[in-house]
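Everything below concerns the one structure shown next.
Below, each value reflects all heavy atoms present in this structure, side chains not excepted, and no hydrogens, waters or symmetry copies. It should be emphasised that the depicted structure is a prediction, and the values quoted were computed from it without experimental measurement.
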Amino acid sequence: MLLRPGQLSLDELQAIHAGGQPLLMDPQALPAIQASAAVVQAAAAGDAAVYGVNTGFGKLASTRISAEDLATLQRNLIRSHSVGVGAPLQPAVVRLMLALKAASLARGYSGVRPVVIDTLLAVHNAGLVPYVPSQGSVGASGDLAPLSHMTLALMGEGEFLVTQEGDPSGRVGVRQPAAQVLRAKGIAPLVLEAKEGLALINGTQTSTALALHALLSFEPVLEAALVVGALTVDAARGSDGPFDPRIHLLRGQPGQIDVAQYYRALLQGSAIRASHTEGDDRVQDPYCLRCQPQVVGACLDQLRHAALVLVREANAVTDNPLVFAEDGAMLSGGNFHAEPVALAADAMACAIAEVGAIAERRIAMLIDSSVSRLPPFLCADAGLNSGFMIAHVTAAALASENKSLAHPASVDSLPTSANQEDHVSMATFAARRLQAMIQNVTHILGIELLAAAQGVEFLRPLQSSPPLEAVHTLLREHCPAMMQDRYLAPDIEAASALVADGSLARILRTLPALPTLWIPA
């Protein structure tokens, strides 16, 4: 794939995230890279103090560094900033970090030599995963610690996570010294020159990669939420009237309009629905059924906006100082401050939590016979059997956990670097915590899928719509109907896997003429 600096699309980012996509830098970027590098080299040879070139960093910016120590300055920067802790970042996140950093530097405003970008791409294309601990960044003066660990591996001083070929364990890899891994792949360790270490670790590439990882991971889960929510409508013999397009056009919210269209397509042709268009004395369905377009549609709008912000950030130049080769200027600013990513990740957290919250309410409705008019707790012999009583408790626990995790990270700021960096974004945690939330929603939807399919069993021989019958059949290939109590945890795991792996999403995607989920708006 040709990496065009400043022009990465969401589809291209998704391909990088998925892996197996070698990257080639657009040769048209080379003149700008070389011109900005020349400006830095001239500054390094000059007498004027230039931050990041011949001075210390952060609070030590007033300390001048002699010409013979400039390379040592950059090496020491990376060594001293490699202080992360915690579990290593997932390979998909690190792949994005490598690609985003290469694309940012290749814009030609960072003053690095082409060999820096070439090394980033060589490591990426060799399938190597630098060992990057997940904790230690406040998302302000760049993602300093994680990007330092990435850079340290490029220098041959850090570590890589190496997975043995054919290893079925699913581990992220075993830590191995970087020097021997680079040597085995024929990649020369990167030797830093003036400003290059600073350019590599200033920037928002870790927080952006984590947020993109969440956005792309949540895509099949959100599509599954639509599918499972529609199946619950039929299981509860709910009305499709609330999905009438005239209702949603009057409000004009794009996500709401699209979600209503998804539900109409999923429910079209249901004999269950047709069976109660007359003679049903219920006037309105509970909000968890009726207001799905309004709730999930609002979440979709937030996620679409986050996608727009993250694509912008993936294409941005976010290090400091910035080099403007046209007039030789080197300007210090604050593009490394990750507030846009932090706010986008916080909005994503609220949206993810709400998708799970309304799903939990649908499960509660299904097991309440006074509302669903299905057998209590979805079991034929309630009392002797508890049915889905405690499966709902698990869903409630997960939904409640997500409420705490959804608290905005961006409203917190803890000054660092002796108050030089006195307002920080906390973007890295804001994005990192999304994976736990997505996993919680995945399990909530897995429980709802089991409950909705069980509800449909009590309505037989009536059939749901063709796509929802396909969902029911797919689930039954893994989980039989529960006509009496049994060990249910394995079924929850199997159903949740169908949510996470895109199996339900693929059924939605087969329906014609539906709007694209991610439309950066």
Side-chain angles (χ1 to χ4, degrees), residues 49-53 55-63 77-78 80-86 89 93 97 100-101 104 109-110 132-151 195 197-212 214 302 305-306 308-323 330-350 404-434:
V50 181
Y51 176 74
V53 176
T55 73
F57 307 104
K59 194 74 169 180
L60 302 175
S62 59
T63 304
L77 173 71
I78 303 305
S80 68
H81 285 48
S82 297
V83 292
V85 298
L89 293 175
V93 176
M97 287 170 59
L100 296 184
K101 179 53 76 173
S104 178
Y109 295 94
S110 300
V132 181
S134 57
Q135 294 173 281
S137 175
V138 295
S141 195
D143 287 312
L144 296 173
L147 289 171
S148 292
H149 280 275
M150 180 191 78
T151 303
K195 193 188 176 291
L198 186 63
L200 281 161
I201 69 172
N202 259 188
T204 63
Q205 285 76 33
T206 301
S207 50
T208 302
L210 282 164
L212 283 167
Q302 289 297 313
H305 176 70
L308 174 65
V309 172
L310 295 176
V311 170
R312 283 184 191 144
E313 196 72 5
N315 285 293
V317 181
T318 55
D319 63 293
N320 180 65
L322 298 178
V323 181
M330 294 185 66
L331 302 179
S332 287
N335 278 2
F336 49 65
H337 198 296
E339 194 77 3
V341 180
L343 291 172
D346 282 344
M348 290 171 66
C350 291
S404 294
L405 287 170
H407 183 279
S410 58
V411 299
D412 182 37
S413 179
L414 197 65
T416 59
S417 192
N419 281 314
Q420 174 76 5
E421 296 154 12
D422 57 354
H423 182 278
V424 300
S425 72
M426 299 299 178
T428 320
F429 169 67
R432 178 167 54 84
R433 59 71 140 88
L434 298 176

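- Under the side-chain contact (heavy atoms from CB on, under 4.5 Å) rule, N202 has a single partner from L322, N320, L147, T318, which is N320.
- Summarising the geometry, atom CD belonging to E339 is positioned 8.5 Å from atom CG belonging to D346; distances are rounded to the nearest 0.5 Å.
- Looking at residues two or more places apart in sequence or on another chain, you find a ring pair (Phe, Tyr, Trp, His ring centres under 6.0 Å) between H423 and H337.
- Shown here are the side-chain contact (heavy atoms from CB on, under 4.5 Å) partners of N315, two or more places apart in sequence or in another chain: L8, V311.
- K195 is listed as a side-chain neighbour of V323, based on a closest heavy-atom distance under 4.5 Å.
- Between K101 and D319, no side-chain nitrogen of the basic residue sits less than 4.0 Å from a carboxylate oxygen of the acidic one, so the salt-bridge criterion is not met.
- For the atom pair H81 NE2 and T151 OG1, the distance stands at 11.0 Å (nearest 0.5 Å).
- Of all non-hydrogen atoms in S332 and P321, the two that sit nearest each other are OG-CB, 3.8 Å.
- For the pair V309 and L343, the minimum side-chain heavy-atom distance is 4.5 Å or more.
- Shown here are the side-chain contact (heavy atoms from CB on, under 4.5 Å) partners of V85, two or more places apart in sequence or in another chain: Q135.
- Contact record, P133 with G84: CB-C, 3.5 Å, taken as the closest heavy-atom pair.
- When all heavy atoms of V83 and A145 are compared, the pair lying nearest together is CG2-CB, 4.2 Å.
- Using a 4.5 Å heavy-atom cutoff, the side chains of S413 and V138 are not in contact.
- The side-chain heavy atoms of H149 and L89, taken from C-beta on, include no pair separated by under 4.5 Å.
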Please report the C-alpha distance between E313 and T204 in whole Å, then the side-chain angles of each, then the deciding distance to 0.1 Å, and finally whether the side chain to side chain donor-acceptor pair (under 3.5 Å) criterion is met.
-> CA-CA 8 Å; E313 196 72 5; T204 63; 2.8 Å; yes

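- Within the 4.5 Å cutoff, side-chain heavy atoms of L414 are placed close to those of M426.
- Remark: L77 CG to L144 CG distance equals 8.0 Å, nearest 0.5 Å.
- Nearest heavy atoms, R433 versus A406: NH2-O, 3.7 Å.
- Within the structure, no pair that satisfies the salt bridge (charged side-chain N to carboxylate O under 4.0 Å, His left out) test touches residues 141-150, not counting sequence neighbours.
- Considering every non-hydrogen atom in both A347 and Q302, the closest pair reads CB-OE1, 3.4 Å.
- Not counting sequence neighbours, the partners of S104 by the side-chain contact (heavy atoms from CB on, under 4.5 Å) test are Q205, V317.
- With sequence neighbours left out, the side-chain contact (heavy atoms from CB on, under 4.5 Å) criterion links S80 to no other residue.
- S148 approaches I201 most closely through the heavy-atom pair OG-CG2, 3.4 Å.
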Show the numbers, then the answer: is there a side chain to side chain contact (heavy atoms under 4.5 Å, CB included) between S134 and R432?
-> CA-CA 8 Å; S134 57; R432 178 167 54 84; 3.7 Å; yes

